[in-house]
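So you know, we letter chains A, B, ... as the sequences are listed, proteins then strands, and number each from 1.
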Amino acid sequence: MSEGLSACAGYKPGMSANSTLSRRRKLVGAGPRQWVGLLYVAPAVALVIVFFIVPLGMTVWMSLHNWPLMGAHSFIGLDNYWAILRDNRFWNALRFTGFYTVVVTIAIFAVAFPLALFIERPRPLTGFYRTFFFMPVVVGFASASLLWSWLLNVDSGLFSPAAFALGLTEKKVNLLATFQPAFWSIIAMVVWKVAGFTMIILMTGLQSIPPELQEAATIDGAGPLARFRAITLPLMRRTIALALILSVAGSVLAFDQFYIILRGGPRNQTLTAVYWIFNQSFVSFKLGYGAALSMVLLVILLVLSLIQLRLLRKPEGLD
Amino acid sequence: MAQARKHSSRIGLRIAEHSTGMIVSALFLAPIVWTVLSTFKPAQEARQPPLPPWPTTGFSVENYATLNTFGDGLWLPAQNSMYVALMTMLLSVVVSVLAGYGFSRFRFPLKNLLFVIILSTIMIPFQSILTPIFLVLTKIGLHNTLTGLVCVYVTLQLPFSIFMMRNAFDAVPREIEEAARMDGANNITMLVRVMLPLVWPGIVTIALFAFLGAWNEFLAALVLMTDQSKFTLPIMMTALQSGRFGAIDWGAVQAGVTVMMVPCLVLFLLLQRFYIRGLMAGAVK
Amino acid sequence: MRTFIAGLAFAASIVSAALPAGAAETANIWVRADGSNFMPRIVDAFNKGHENQIKLDIIPNAEIIPKYGAAAAGGTAPDALSLDLIYTPAFSAAGQLEDITDWAKSLPYFESLSPAHVKTGSYKGRIYGLPFSADSSVLIWNKKLFKQAGLDPEKGPTNWAEIEAAAEKVNALGGDIKGFYFSGNCGGCNIFTFTPLIWASGGDILTEDGSKATLDSPQLRGAIDLYRSMIKKDLVPQGAQTDTGSNFFAAFATGNIGITPSGAFAIGALNTQYPDIDYGVTFLPGKDGGWSSFAGGDNFIVTKGTTKIAVVKEFLDFAYSLEGQTILAKYGSLPVRGDIAKEALKDLDPRYQIAAEAMAKGRTPYTVVFNDLINSANGPWTQMVNEVFFGDDVDGSIANAQETMQSIIDSAQQ
């Protein structure tokens with residue numbers, strides 16, 4: 001075993017992992033080994049088929065029906081989907097969701113990336129910082145929403161009375177009463193909750209970059225920014241893809257925070273797509289229509305994810 | 001001279017770094033600290049804005065006492081939650097390590113398609129497939145069982161975990177594999193003795209998030225379990241928090257959040273050491 | 001001796017074999033979390049004294065509907081459940097519930113069961129739900145603040161002008177003290193507490209059978225003006241505008257609010273959790289006097305096709321007995337049987353009597369789309385309430401709401 005590991009000593013600085021890979025690939029190549037791969041992914045695929053694909057199929061089936069929460073259902077073909085085209089409130093909700101996704105994803109990455117870089121290097125107190133940044137992740141999303149709903153309360157919360165007591169505002173400002181402060185409060189809450197999560201993902205990506213590369217580049221005279229652009233970012237493509245896809249998917253499907261803290265307010269301006277689906281399914285009891293809306297969201301997300309995967313793939317292919 | 005200047009600018013940098021670290025930490029911690037401190041306030045004080053955050057009219061644990069008065073108390077749901085979370089963690093790790101290895105190191109037909117299908121698990125609002133999942137579980141006899149819940153949770157973790165493990169395996173240079181193969185290692189040995197130590201941070205990450213996800217999940221646990229005796233902690237917490245007409249018992253919310261946080265933090269602290277780069281570099285060398 | 005005992009045993013076995021379904025059965029009942037105080041106790045009392053048993057599950061309020069839907073689809077629905085009465089028309093219309101008309105009418109005390117519950121529990125002339133727990137809306141005021149403000153602490157407001165005047169006086173005390181509180185972003189809270197003001201003044205927001213929305217009325221406008229006036233005079237805390245109901249009770253419980261419309265549940269909650277608050281209870285008044293109340297609470301409904309209907313009926317019988325009603329009253333609900341209500345409440349806080357009286361004359365709007373119209377946080381009622389109290393275009397909001405509500409009602413008539 002030690003011989004194998006010492007082979008790494010032959011790893012020459014400047015040699016990028018990519019070129020080595022492509023050389024080796026011709027030797028490794030396809031062959032009888034490939035079917036074994038299927039065995040390795042089999043358990044995962046089995047779980048996904050039973051607990052996702054099959055239910056998904058049933059959801060598709062439901063979307064072709066007029067399916068009330070209780071009682072009899074009737075087949076109506078694509079009528080639900082035609083109704084979606086006419087459903088203005090859904091498209092408004094989708095528009096808002098898109099806006100929210102863009103803003104929050106940028107915000108999360110803007111915070112998480114520097115944090116990841118900050119804690120990645122071992123230094124005194126890093127362990128503490130890492131723990132503190134990560135703590136909000138540990139609280140469940142619904143619980144966090146409730147907490148912030150309390151903190152944001154104008155009369156018995158924290159922010160408004162504090163700002164008033166410190167003299168920053170003339171009277172206690174109700175942050176949830178108008179769109180801008182409400183929206184940005186939610187952004188703050190989500191960034192607070194999710195940044196630590198994204199930070200950890202990015203950090204594991206950073207850690208897998210061989211330090212020899214960075215050292216070699218420094219010796220060659222590259223400054224931190226140049227190193228970041230030429231070495232860190234490209235080698236972190238896959239990690240960034242993971243973090244990005246998760247963040248985008250999570251944001252497009254955002255619901256808890258808007259339901260618990262704002263109830264889609266003020267005045268229905270923060271209704272998200274999933275909130276609308278929830279309303280249709282469990283308030284209006286129209287499960288079939290809700291299923292159809294979900295399928296639309298699924299398709300949108302799949303397309304977005306494929307785009308992201310494509311943009312962030314390694315140069316030699318989707319592998 | 002140059003040495004001294006470098007030294008002092010080094011110190012200046014350190015101070016700047018640590019101040020930033022402290023301030024950002026404070027921002028992240030503040031809501032939590034406020035919450036935890038508020039749980040110790042007696043009822044009267046708890047209803048006022050939490051300024052100052054610490055109890056001023058006396059220390060009280062009545063909020064925690066409230067938590068235990070509901071239904072059959074906290075102990076049973078806590079056990080259920082612990083079981084579900086730990087099993088999800090173990091199963092997720094096993095399945096994801098295997099699958100991540102498979103996606104990373106082998107080429108087989110439908111590879112990309114299968115990967116995208118697995119990824120798409122998180123791309124649908126969970127409430128939409130909840131009823132169908134319930135029906136599936138009923139068909140295979142796993143409804144109202146904690147095991148069934150574990151299966152669902154593991155499936156939900158797979159996109160993240162497999163993607164993560166695939167990335168982790170990808171990052172291992174092929175030379176190591178080649179060298180080990182030349183030494184005569186077969187597939188299993190390769191995986192367990194060569195690759196695993198090198199992807200340990202990845203494994204730790206997915207274990208941690210699998211635990212967190214299962215521990216905090218609420219909706220599936222509620223809908224898929226019929227017996228109150230199988231309910232998990234989040235369900236108890238939710239039932240406690242809402243009173244009549246949606247009136248919220250803030251003390252119970254804060255106490256509940258605090259209680260649920262503790263095992264997760266403990267786990268994180270235990271698993272932290274695997275994130276230290278030194279460990280990684282040593283293994284590689 | 002031996003033969004005698006053997007003979008007895010033999011006789012007993014014959015008798016028990018002859019009894020229909022003699023073996024003890026267990027029925028499964030769900031209750032929403034609101035009932036977590038009294039339900040376990042009633043179930044325990046029943047289980048102790050009966051062979052047949054009840055297994056109870058407590059479900060968080062907001063999730064009981066999705067959970068029931070999934071269970072019904074999967075064939076694991078409970079035998080019966082205690083659910084917010086406003087859902088009964090929708091459930092009945094969906095064909096989900098067992099028709100219990102004949103059994104209900106056979107009960108000797110049927111006439112004294114809460115009329116509002118029974119009406120809501122009926123659909124097309126048949127009865128599908130019977131009252132189980134009750135909560136009526138009332139007006140509560142803080143006696144200590146009244147006294148400090150120079151008002152008679154024992155007399156609550158009896159019409160709208162008095163509400164506003166009293167609120168103003170209390171508000172003048174200053175500091176964190178405010179005269180009036182209500183949840184401004186909550187449809188359910190306002191149908192519970194705001195609509196009775198309209199009813200007491202002779203108006204209504206829906207026709208009796210729920211087929212038409214009758215929002216635009218002088219009574220509605222009058223009531224809106226009352227609230228608007230109080231808001232303009234800064235008698236209401238800021239948080240009211242965005243309160244989705246989470247502070248519906250907590251605000252008054254801080255001891256800083258003079259008057260607030262609330263429910264009978266507040267009596268129990270204040271007595272047990274906030275004993276330091278001295279409060280009075282009165283009816284929600286109309287413009288010039290008179291009063292009304294929203295009859296809320298749970299209806300007991302039976303899943304269609306359940307095999308345990310006998311057990312369920314036995315349980316309901318017990319719940320309606322004096323013992324059952326006393327337990328109910330003691331632990332957070334009002335009695336639902338008018339004829340023994342006073343009896344059941346006799347050992348409790350006398351303020352409950354007022355709530356019980358309010359309950360007897362309480363009303364519940366009847367519609368199969370109650371959720372869509374009223375409860376939904378994004379529905380027309382909630383939106384209108386928030387807009388007309390805190391916005392500028394009262395006419396537009398009312399017209400908008402009327403149109404939306406009518407179209408929801410119309411599209412449900414199938």
Side-chain angles (χ1 to χ4, degrees), chain A residues 3-4 7-8 17 21 24 30 33-38 40-41 43-45 47-48 51-52 54-56 58-59 122 127 129 132-136 138-140 142-143 146-147 150-151 156 158 161-162 165 200 204 207-208 238-239 242 246 249 253 274 277-278 291 294 298 301-302 305 318, chain B residues 21 25 28-29 31-32 34-35 49-51 95 98-99 101-103 106-108 112 114 118-125 127-129 132-133 136 151-152 154-155 158 160 162-163 167 170-171 173-176 179-180 183 201-202 205 216 218 250 253 257 261 264-265 268 272 277 280 284:
Chain A
E3 294 90 13
C8 201
L21 265 172
R24 292 283 185 225
R33 214 191 276 170
Q34 58 179 346
W35 295 99
V36 182
L38 268 178
Y40 280 97
V41 305
V45 172
L47 276 175
V48 169
F51 294 105
F52 176 63
V54 170
L56 186 67
M58 292 162 78
T59 309
Y129 293 138
F132 296 155
F133 298 158
F134 189 73
M135 271 177 82
V138 149
V139 181
S143 297
L146 267 180
L147 270 188
W150 166 60
L151 290 172
S156 49
L158 176 61
I200 293 282
T204 48
Q207 282 192 335
S208 64
R238 282 293 181 75
T239 315
L242 168 62
L246 284 181
L253 296 178
V274 173
I277 294 179
F278 170 81
S294 308
L298 174 66
L301 268 175
L302 269 177
S305 304
L318 251 172
Chain B
S25 298
F28 274 91
L29 276 183
I32 297 181
W34 242 270
T35 306
L51 297 162
V95 173
L98 290 174
Y101 187 57
F103 279 117
F106 299 87
R107 307 175 72 181
F108 47 88
N112 290 326
L114 284 177
I118 292 179
L119 205 56
S120 62
T121 311
I122 49 161
M123 295 188 187
I124 193 163
Q127 313 122 342
S128 308
I129 48 171
I133 287 183
V136 166
C151 291
V152 174
V154 172
T155 312
L158 287 181
F160 166 71
I162 294 179
F163 205 143
N167 286 1
D170 277 346
R174 297 251 174 186
E175 287 79 17
I176 296 185
D183 285 349
T205 308
N216 282 322
F218 161 70
W250 292 115
V253 171
V257 164
M261 256 190 346
C264 303
L265 280 179
F268 180 68
Q272 265 240 63
R277 184 177 247 287
M280 260 285 299
V284 169

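Contact between S120(B) and L298(A) at its shortest, heavy atoms only, is O-CD1, 4.1 Å. Taking all atoms of both residues into account, the shortest heavy-atom contact from C264(B) to V138(A) is CB-CG1, 3.3 Å. Closest non-hydrogen pair, P55(A) versus V136(B), comes out as CG-CG2, 4.1 Å. Taking both residues in full, the closest heavy atoms of L98(B) and P43(A) are given as CD1-CG, 4.4 Å, listed atom of the first, atom of the second, then distance. When every heavy atom of P136(A) is checked against every heavy atom of F28(B), the shortest pair comes out as CG-CD2, 3.7 Å. The minimum heavy-atom distance linking L253(A) with M123(B) is given by the pair CD1-C, 3.9 Å.
Residues L158(B) and F52(A) have side chains not in contact (no heavy-atom distance under 4.5 Å, counting atoms from C-beta outward).
Residue with the most contacts toward chain B among V45(A), V54(A), T59(A), L56(A): T59(A) (heavy-atom pairs, distance under 4.5 Å). Of the listed residues (P161(A), A249(A), A165(A)), the greatest number of heavy-atom pairs within a distance under 4.5 Å of chain B belongs to P161(A). Counting heavy-atom pairs closer than 4.5 Å to chain A, the top residue among L114(B), T121(B), T35(B), V152(B) is T121(B). By number of non-hydrogen pairs under 4.5 angstrom with chain A, the leading residue of N167(B), I162(B), L265(B) is N167(B). Per-residue heavy-atom pair counts under 4.5 Å with chain B were compared for L246(A), V41(A), V139(A), L147(A), and the maximum is reached by V41(A).
Proximity to chain B (any heavy atom under 4.5 Å) is shown, for A291(A), by neither the backbone nor the side chain. Only the side chain of Y101(B) comes within contact range of chain A, judged by heavy atoms closer than 4.5 Å. Residue A142(A) does not touch chain B at all, counting heavy-atom pairs closer than 4.5 Å. If you measure heavy-atom distances from I122(B) to chain A, the contacts under 4.5 Å come from both the backbone and the side chain. Both the backbone and the side chain of I129(B) come within less than 4.5 Å of a heavy atom in chain A. If you measure heavy-atom distances from L151(A) to chain B, the contacts under 4.5 Å come from the side chain alone.
Qualifying side chain to side chain contact (heavy atoms under 4.5 Å, CB included) partners for S294(A), counting only residues two or more places apart in sequence or in other chains: I277(A), I124(B), P125(B), S128(B). Among residues two or more places apart in sequence or in another chain, the ring-ring contact (aromatic ring centres under 6.0 Å, His included) test is passed with F163(B) by F115(B).
Summarising the geometry, atom CZ belonging to F134(A) is positioned 5.0 Å from atom CZ belonging to F268(B); distances are rounded to the nearest 0.5 Å.
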- request: Please step through side-chain contact (heavy atoms from CB on, under 4.5 Å) for the pair W150(A) and V253(B), ending with a clear verdict.
  value: CA-CA 10 Å; W150(A) 166 60; V253(B) 171; over 6 Å; no
Exercise. Between V154(B) and F51(A), does a side-chain contact (heavy atoms from CB on, under 4.5 Å) hold up when you go through it step by step?
Worked result: CA-CA 10 Å; V154(B) 172; F51(A) 294 105; over 6 Å; no
